[in-house]
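What follows is a set of notes on a single structure, which appears directly below.
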Amino acid sequence: MRVLSDIGGRAAALVDRAAAGWLSRTGSGEAVAERELAILRRLVFLSSAALIAAPFGLSFVTSPAVALPAGVATVCAAFLFSAVGSIALARQSAAVSAVAAAPAEDFFLENSAGLVLFLDPQGNVTTAGGRDCREFLAWMRDPKGRGFIEQVHVSDRIFVLQALDRLRQGEECASVDLRLDRPCVSLDLRQFAHLRMDMTARRDEDGELLAVVAQLRDVSVEQQLRMEAQSRAADAESANDAKSRFLAAVSHELRTPLNAILGFSDILLGEYFGKFDNERQREYVTLVRESGAHLLSVVNTMLDMSKIEAGRYELLLEPFDVGASVRSCEAMLALQAKGKGVTLTSRIQRGLDEVVADQRAIQQILINLVGNAVKFTDAGGAVTVDAAVRDGILQISVSDTGIGIPADRLESLGQPFMQVQNDYTRHYEGTGLGLSLVKGLVALHGGHFAIASVPGEGTIITISIAADGSGAGAAHAEKDGAVDFPPRLKIAATNVAGLEEGLFDGRAQAKIA
């Protein structure tokens, strides 16, 4: 056994020396020669067995004198053909693998957008490339070594180091916005270049960080647009605050002379210092009193709008009889409705309990809604106020048989100074503030505002607020004291009219009188 092993070992060594000598003359590399030597070793051992089997097999079909040389020639030819073919295929596959693997990194470096940097785990640049590499390096210092981190703005270096630390701790990618010092070599003379650096980790089989691939892109244009947007937003906010302060200042300045006008008008109408010589004098004083009262109402509305818009309108929540507020509003506007030939009625739920809300705000909501309904309803029409509490929700609905509102105007209705249509504004006076104020007050209570209308048939407006006052607290917590003003149109799920925005349920619901 030992003798046979020695013979086999010596034969293998002889084959290896002969094969190595032949392969060395073909110019193959060391790594390739090892694979080719293994191929030749297998073929030699297979051919050795075939040198015995082939002549023996041919001896059955021909004479031994012919079988022996023919078998040996066949095996030698097969060995040479197999050796050449196997080695050629091995070398071709190795060449393809080398071509596919070697240039992949170079291709990435040459064709990736922006500036591509290869960093070691400590953040030092080892390789720089990228499609825009020349443009970046035209104004940057050589980023290799510590040059790159030294060019980063001092305030942004910590973000780069934190991103590298996250990659070392196991994250696969990180992104950071940074600024690089930029010499004044461009027309825009920008001091800093705003870049976004996307970093990807390269790890070994054990998950250890080997390198970081960082791709930098210039986002200076995006940063400039963002700063312009912020500046415009700040300007708009400043203009809005200035407008609110202006409205408040003007309103306060107007109230002082208005109080004098109203007070002296009342004195003149009371004839405390003598009677009027004729009725025209009384008529003129009455017009002055009515005009002053109307102007005071507009001023008060503007003040309330300014408070709501600034988030400074404070609600005074207290229990009160909402039915009494509805009847008071009906009594206040009954004369105006009668003068226009409009029937004004109210329907209050039987046994309606007290609700918790700001009574002044609810009264103002009712006056504005009913006043608008009477104003936009022609003679012979009807206006109805419904009040009910269902499932803890106070629902107040004001319906009329007036001119109605086109569907395409419902979305914009309720914006400050927004009126229904220009042709209506020539026939119906008003500033367009009433409905906007109503929506703001409803939003302060955390309620919902719904409107449905059909031109020529009428309009139904429904507000829904929590009867226990809990909605006002929720709205205050959500908005931190301010409300979305003017609030967006919200459709409340209400059982009073079952409305959808701009739609009736098939009946002329406003025609109830």
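Keep in mind that this is a model prediction, so the values were computed, not measured.
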> Side chains of Asp165 and Gln169: do they bring a donor and an acceptor to under 3.5 Å?
Replying inline: yes
> Any side-chain heavy-atom pair from Val355 and Phe320 closer than 4.5 angstrom?
Replying inline: yes
>> Among residues at least two apart in sequence or on other chains, which ones pass side chain to side chain contact (heavy atoms under 4.5 Å, CB included) with Val288?
In response: Ile261, Ser265
> With sequence neighbours left out, which residue pairs that include part of residues 155-164 fulfil the salt bridge (charged side-chain N to carboxylate O under 4.0 Å, His left out) condition?
Replying inline: Asp156-Arg179
>> Surrounding CZ of Phe264 (heavy atoms of other residues, nucleotides or ligands, distance under 6.0 Å), is the total greater than 12?
In response: no
>> Is it the case that over 12 heavy atoms from other parts of the model lie below 6.0 angstrom from the CD atom of Glu237?
In response: no
> Roughly how far, to the nearest 0.5 Å, is the CG atom of Asn368 from the NZ atom of Lys439?
Replying inline: 13.5 Å
> Given side chains that start at C-beta, do those of Gln349 and Val389 come closer than 4.5 Å, heavy atoms only?
Replying inline: yes
>> Restricting to non-hydrogen atoms, name the atom on Leu167 and the atom on Arg203 that form the minimum distance, rounded to 0.1 Å.
In response: O-NH2, 2.6 Å
> Do Arg226 and Gln223 meet the criterion of a side-chain donor-acceptor pair at a distance under 3.5 Å?
Replying inline: yes
> What are the two closest non-hydrogen atoms of Glu330 and Thr345, and how far apart are they?
Replying inline: OE2-CA, 3.9 Å
>> Measuring from atom OG1 of Thr200 to atom CD of Glu172, what distance do you get when rounded to the nearest 0.5 angstrom?
In response: 9.0 Å
> After noting the C-alpha distance and the side-chain angles of Leu180 and Phe136, does the key distance pass the side-chain contact (heavy atoms from CB on, under 4.5 Å) rule?
Replying inline: CA-CA 11 Å; Leu180 295 186; Phe136 280 90; 5.9 Å; no
> Taking the side chain from Glu457 and the backbone from Gly404, do they hold a donor-acceptor pair closer than 3.5 Å?
Replying inline: no
> If we only count heavy atoms from C-beta on, is the Val322 to Ile396 side-chain gap below 4.5 Å?
Replying inline: yes
> Are the side chains of Asp177 and His194 in touch, meaning some heavy atoms are under 4.5 Å apart?
Replying inline: no
>> Quick check for you: to the nearest 0.5 Å, what is the distance between Leu437 atom CG and Ile365 atom CD1?
In response: 8.0 Å
> Which residue pairs pass the salt bridge (charged side-chain N to carboxylate O under 4.0 Å, His left out) test when at least one of the two sits in residues 256-265, sequence neighbours left out?
Replying inline: none
> Is there a side-chain contact between His153 and Leu178 (heavy atoms, below 4.5 Å)?
Replying inline: no
>> I'd like to check Phe118 versus Val213 (side-chain heavy atoms, cut-off strictly below 4.5 Å). Are they in contact?
In response: yes
> Any donor-acceptor pair under 3.5 Å linking the side chain of Asp235 with the backbone of Ser238?
Replying inline: no
> Going from CD1 on Ile348 to CG on Asp386, what distance comes out if it is rounded to the nearest 0.5 angstrom?
Replying inline: 9.5 Å
